[in-house]
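Shown next, in structure tokens, is the structure this report addresses.
Because the structure is predicted, anything quoted here is derived from the model rather than measured.
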Amino acid sequence: MGPVGWIAVIVLALAAGVVWLMLRYPGGWRYAFTAQYAENRRDLDAARAKLRALEREAGRERDRARADVTAAEQAQQERVGRAEAHLERLRSPGRGELRSSLGGGLRLYDHALEVTAEGRTAEYPLHEVSVRDEYSREQGHVYVALPTGRQQMVTVALEETPEAEVRKFVVEVFNAGADAKASAVERQALVPEAEAELRDAQADTTGQEEARQRLTELLARQEADPRIPQARHELEAAKDRWQHLTGSRPA
């Protein structure tokens with residue numbers, strides 16, 4: 001920006017300042033700017049500042065109280081969410097972590113067995129399936145008994161996956177299935193306690209009620225506080241004095 005541009009910006013800023021002061025102290029140039037009426041301007045400013053300070057402090061108090069209500073509501077929602085998630089994990093833990101795999105056809109998780117056969121992939125709960133293995137000279141065959149009563153066969157080339165690894169995987173499936181069944185029993189035993197925790201979390205609104213009560217008491221206290229009405233009265237009186245002096249009433 002060149003010198004002319006900067007001069008234009010400065011002129012506009014000064015003009016805006018003048019307009020603002022004329023609106024703040026209406027009645028004419030001398031009332032808004034001359035030292036003769038400085039005390040009158042200070043009288044008006046003091047009344048404005050007193051009311052503004054009281055209203056800001058009251059507003060901050062209300063904001064804090066409302067924030068406490070919101071925080072209490074969120075805290076209860078989070079507690080309920082944690083209880084719901086805990087209960088859901090007990091009822092349906094998902095497949096868990098990957099424990100082992102065999103070729104591209106079998107993947108063993110903590111609670112599930114993923115089977116890819118005949119171009120399709122499906123996942124079954126461990127406690128609902130069983131496996132057995134057979135071997136020929138060049139191939140290993142793992143048969144998976146499905147919850148439907150049907151079976152699927154996954155074949156691996158022993159040249160790529162030694163027979164010992166296939167047998168090891170089958171043993172891992174048996175052991176994981178036993179672990180899953182024991183885990184299911186343990187989880188089921190914990191369900192009633194988790195359900196009770198969820199009910200308690202849903203019913204416990206003490207924090208919210210206390211925060212709302214504090215807000216209600218604050219609003220009532222502010223409503224009864226005479227300082228803001230008195231400050232408004234004092235500001236109106238200051239405006240009256242200015243109007244009497246200048247013939248113009250400040251906003």
Side-chain angles (χ1 to χ4, degrees), residues 52-101 106-116 120-131 144-150 152 169 172-229:
R52 184 167 58 249
L54 289 171
E55 289 179 335
R56 284 179 177 174
E57 178 56 30
R60 283 193 290 266
E61 288 181 339
R62 291 192 298 272
D63 289 344
R64 287 193 294 268
R66 288 176 178 135
D68 288 344
V69 172
T70 299
E73 292 171 347
Q74 291 177 342
Q76 198 230 3
Q77 291 170 0
E78 290 171 0
R79 181 185 173 192
V80 170
R82 289 193 297 271
E84 289 175 339
H86 176 55
L87 180 58
E88 181 61 22
R89 285 193 299 271
L90 292 176
R91 288 173 172 169
S92 179
R95 66 185 185 182
E97 299 293 328
L98 178 66
R99 298 174 62 150
S100 183
S101 62
L106 294 167
R107 293 170 67 85
L108 174 63
Y109 295 89
D110 290 330
H111 305 290
L113 182 66
E114 182 183 275
V115 181
T116 300
R120 299 177 59 187
T121 299
E123 190 176 288
Y124 305 98
L126 272 179
H127 64 278
E128 295 183 3
V129 298
S130 61
V131 296
V144 182
L146 305 178
T148 60
R150 299 174 63 85
Q152 285 186 326
F169 180 82
E172 288 175 342
V173 174
F174 275 110
N175 291 338
D179 292 343
K181 290 178 182 178
S183 176
V185 172
E186 293 173 358
R187 291 196 311 274
Q188 187 59 38
L190 295 173
V191 165
E193 180 182 349
E195 290 175 335
E197 289 177 358
L198 176 57
R199 288 193 297 270
D200 289 345
Q202 292 170 331
D204 185 9
T205 59
T206 303
Q208 299 175 56
E209 292 168 0
E210 290 177 349
R212 293 192 188 105
Q213 181 61 31
R214 289 194 297 271
L215 174 59
T216 299
E217 292 172 356
L218 171 65
L219 295 176
R221 187 167 65 252
Q222 288 188 349
E223 183 68 23
D225 189 343
R227 292 179 301 165
I228 289 179

* Hey, mind stepping through Gln213 and Glu209 against side-chain hydrogen bond (donor to acceptor under 3.5 Å, both in side chains) and telling me if it holds? -> CA-CA 6 Å; Gln213 181 61 31; Glu209 292 168 0; over 6 Å; no

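- Side chain of Glu97 to backbone of Tyr109: no donor-acceptor contact under 3.5 angstrom is found.
- Separating the CG atom in Leu198 from the CZ atom in Arg79 is a distance of 9.5 Å, to the nearest 0.5 Å.
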* Might you work through the side chain to side chain contact (heavy atoms under 4.5 Å, CB included) test for Val115 and Val129, ending with a clear yes or no? => CA-CA 11 Å; Val115 181; Val129 298; over 6 Å; no

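- From Leu54, atom CG reaches atom CZ of Arg56 across 11.5 Å, with rounding to the nearest 0.5 Å.
- Using a 4.0 Å cut-off between charged nitrogen and carboxylate oxygen, Arg214 and Glu61 do not count as a salt-bridge pair.
- Open room surrounds CD on Gln188; 12 or fewer heavy atoms of other groups in view lie less than 6.0 Å from it.
- Taking Asn175 as the reference, Val171 meet the side chain to side chain contact (heavy atoms under 4.5 Å, CB included) condition, with sequence neighbours excluded.
- Contact record, Pro229 with Asp225: CD-O, 3.3 Å, taken as the closest heavy-atom pair.
- For the atom pair His86 NE2 and Glu197 CD, the distance stands at 5.5 Å (nearest 0.5 Å).
- Not a single side chain to side chain contact (heavy atoms under 4.5 Å, CB included) links Thr216 to another residue, sequence neighbours left out.
- Interatomic distance, Gln208 CD to Thr70 OG1, rounded to the nearest 0.5 Å: 10.0 Å.
- In this structure, Val131 and Phe174 approach most closely via the heavy-atom pair O-CZ, 3.1 Å.
- Scanning both residues, Glu195 and Leu87, for their nearest heavy atoms gives CG-CD1, 3.8 Å.
- For Arg64, the salt bridge (Lys or Arg N to Asp or Glu O under 4.0 Å) partners are Glu57, not counting sequence neighbours.
- The heavy-atom pair separating Leu98 from Ser100 by the smallest distance is CD1-O, 3.5 Å.
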* To do: Decide salt bridge (charged side-chain N to carboxylate O under 4.0 Å, His left out) for Arg99 and Glu172; before the verdict, give the C-alpha distance in whole Å, the side-chain angles of both, and the deciding distance to 0.1 Å.
  => CA-CA 9 Å; Arg99 298 174 62 150; Glu172 288 175 342; over 6 Å; no

* **Chi angles and distances behind the salt bridge (charged side-chain N to carboxylate O under 4.0 Å, His left out) call for Glu55, Arg62** => CA-CA 10 Å; Glu55 289 179 335; Arg62 291 192 298 272; over 6 Å; no

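- Proximity of Leu108 to Leu126: side-chain heavy atoms (C-beta onward) are separated by under 4.5 Å at one or more points.
- The heavy-atom pair separating Ala58 from Gln222 by the smallest distance is O-NE2, 3.0 Å.
- If you check the side chains of Gln74 and Glu78, you find no donor sitting under 3.5 Å from an acceptor.
- The distance from the CG atom of Leu218 to the CZ atom of Arg66 is 8.5 Å, given to the nearest 0.5 Å.
- Note that CD of Glu123 is 5.0 Å distant from CZ of Arg95, once rounded to the nearest 0.5 Å.
- Within 6.0 Å of CZ on Arg60 lie more than 12 heavy atoms contributed by other residues, nucleotides or ligands.
- Under a 3.5 Å cut-off, the side chain of Glu128 and the backbone N or O of Leu146 do not form any donor-acceptor pair.
- Closest approach of His111 and Ala180 over heavy atoms only: ND1-CB, 4.4 Å.
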* To do: Determine, step by step, whether Val144 and Val173 satisfy the side chain to side chain contact (heavy atoms under 4.5 Å, CB included) criterion, reporting the C-alpha distance in whole Å, the side-chain angles of both residues, the deciding distance to 0.1 Å, and the verdict.
  => CA-CA 10 Å; Val144 182; Val173 174; over 6 Å; no

